[in-house]
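For reference, the structure is listed below as structure tokens.
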Amino acid sequence: MRGLPVRGVIGKGGALEAFVPWSRGGQAELDGRVVLQEIPVPPVFKPIAVQGRIRFSGFFKMDGVDPARNQLPQGSLEGHGEGLQLTGVKVGAVELPATHLDELELSLQSGRDLTVRTFTFRGDLQGSMEGRVTPNVRNPRLSVLALRLTTAFRPEGMAQLGSLQPVVESFLNRGRLVVALDGTVGDPRLHQVK
């Protein structure tokens, strides 16, 4: 045998299959699906809650991954989400209405950085994200963010904002909002890009 096959259950509706090689230089494989509402939200993201389903698969080189080098295994992860809903997002003291995303596509490259190759979404919001996260393996809250989000609202999604609609429209440029997310996972900073 070249390694260890692993199968597991994630919540009630999710599953995980993986292959972990015995030898250095081997390739680990990952395939699974998850029901997001069955996964506990890390405290740093509360009160935000996400619902929906995501399928994912990935391949990672297991060349002596060393936490002292503060890097993730080199590899890639692909994912596809459907029927996603995001709640609990606040602007100041006002909570935004639930945001529905019909579809989400993502492609990540891992190694010294976690690079977002593809992150596109369609629904009440449609847009994309690009950039990278520099991981801190020993303390994930200190992982450094360098992300850029470009998004636009579907007309029905904008109407759901109610009294917040004029505020949100004041940040739009030709119907689009471009924001940068930097800082760290534990202390993220969001600011508009002109």
Side-chain angles (χ1 to χ4, degrees), residues 6-19 28-60 72-91 95-111 113-135 140-141 143 145-161 168 175-182 185-186 188 190:
V6 178
R7 289 186 176 184
V9 174
I10 305 172
K12 295 178 183 175
L16 174 71
E17 292 190 23
F19 175 79
E29 300 172 19
L30 182 67
D31 186 45
R33 65 184 183 277
V34 65
V35 178
L36 293 171
Q37 56 266 35
E38 295 178 356
I39 305 297
V41 176
V44 70
F45 295 115
K46 288 185 177 176
I48 295 172
V50 183
Q51 296 182 6
R53 296 178 178 276
I54 291 184
R55 290 196 60 80
F56 56 89
S57 62
F59 300 92
F60 303 93
L72 300 170
Q74 190 170 7
S76 64
L77 181 72
E78 312 283 329
H80 176 82
E82 293 180 341
L84 304 176
Q85 177 178 290
L86 184 67
T87 57
V89 177
K90 291 187 175 182
V91 175
E95 185 171 321
L96 297 176
T99 301
H100 301 275
L101 299 178
D102 305 321
E103 204 167 16
L104 169 73
E105 295 287 340
L106 82 114
S107 174
L108 305 174
Q109 184 79 39
S110 65
D113 291 324
L114 182 62
T115 303
V116 179
R117 293 190 310 198
T118 305
F119 188 100
T120 58
F121 48 91
R122 290 181 295 282
D124 292 342
L125 294 171
Q126 38 208 353
S128 62
M129 185 185 302
E130 58 187 21
R132 70 182 187 289
V133 177
T134 303
R141 291 178 55 84
S143 297
L145 304 171
L147 300 168
R148 181 181 172 117
L149 173 70
T150 303
T151 187
F153 287 86
R154 196 160 52 185
E156 311 87 75
M158 185 64 88
Q160 289 178 350
L161 294 174
V168 171
R176 295 183 338 156
L177 176 64
V178 182
V179 294
L181 179 62
D182 55 25
V185 169
L190 188 69

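Computed from heavy atoms alone, side chains included, the values below leave out hydrogens, waters and symmetry copies.
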- Task: Answer yes or no: is there a side-chain heavy-atom contact under 4.5 Å between Leu36 and Gln51?
- Result: no
- Under the salt bridge (Lys or Arg N to Asp or Glu O under 4.0 Å) test, residues paired with Asp31 that sit two or more places apart: none
- For the residue pair Gly175 and Ala152, what are the closest heavy atoms and their distance? O-CB, 3.5 Å
- One should read off an interatomic distance between Leu181 CG and Leu145 CG, to the nearest 0.5 angstrom, of 5.0 Å
- Short side-chain to backbone donor-acceptor contact, Ser110 and Pro73, under 3.5 Å: yes
- Task: Enter the distance from Glu82:CD to Leu101:CG here, rounded to the nearest 0.5 Å.
- Result: 12.0 Å
- Note on the structure: One should read off an interatomic distance between Asp182 CG and Arg148 CZ, to the nearest 0.5 angstrom, of 12.0 Å
- Note on the structure: Closest heavy-atom pair, Ala98 versus Thr87, reported as atoms and distance to 0.1 Å, is CB-CG2, 3.6 Å
- Message: Does this structure show an ion pair linking Arg117 with Glu78, if we count only N-O contacts that are shorter than 4.0 Å?
- Response: yes
- Message: So does Thr151 get a backbone contact from the side chain of Gln126, meaning a donor-acceptor N/O pair under 3.5 Å?
- Response: no
- Message: Lys12 vs Glu38, test: side chain to side chain contact (heavy atoms under 4.5 Å, CB included). Steps then yes/no.
- Response: CA-CA 7 Å; Lys12 295 178 183 175; Glu38 295 178 356; 3.5 Å; yes
- Task: Could you walk me through whether Leu106 and Val116 pass the side chain to side chain contact (heavy atoms under 4.5 Å, CB included) test, one step at a time?
- Result: CA-CA 8 Å; Leu106 82 114; Val116 179; over 6 Å; no
- Is the shortest distance from a Lys or Arg side-chain nitrogen in Glu103 or Arg122 to a carboxylate oxygen in the other one below 4.0 Å? yes
- Message: Rounded to the nearest 0.5 Å, what separates atom CD1 in Ile54 from atom CZ in Arg33?
- Response: 13.5 Å
- Begin from the C-alpha positions of Leu30 and Leu16 and carry the test side chain to side chain contact (heavy atoms under 4.5 Å, CB included) through to its verdict. CA-CA 7 Å; Leu30 182 67; Leu16 174 71; 3.1 Å; yes
- Task: Answer whether the closest heavy-atom distance between the side chains of Leu125 and Phe153 falls below 4.5 Å.
- Result: yes
- Query: Just how far is it from atom CZ of Phe60 to atom CG of Leu72, taken to the nearest 0.5 Å?
  - Reply: 8.5 Å
- Query: Which heavy atom of Ser128 sits nearest a heavy atom of Thr120, and at what distance?
  - Reply: CB-CG2, 4.0 Å
- Query: Rounded to the nearest 0.5 Å, what separation is found between the CZ atom of Arg176 and the CG atom of Leu149?
  - Reply: 10.5 Å
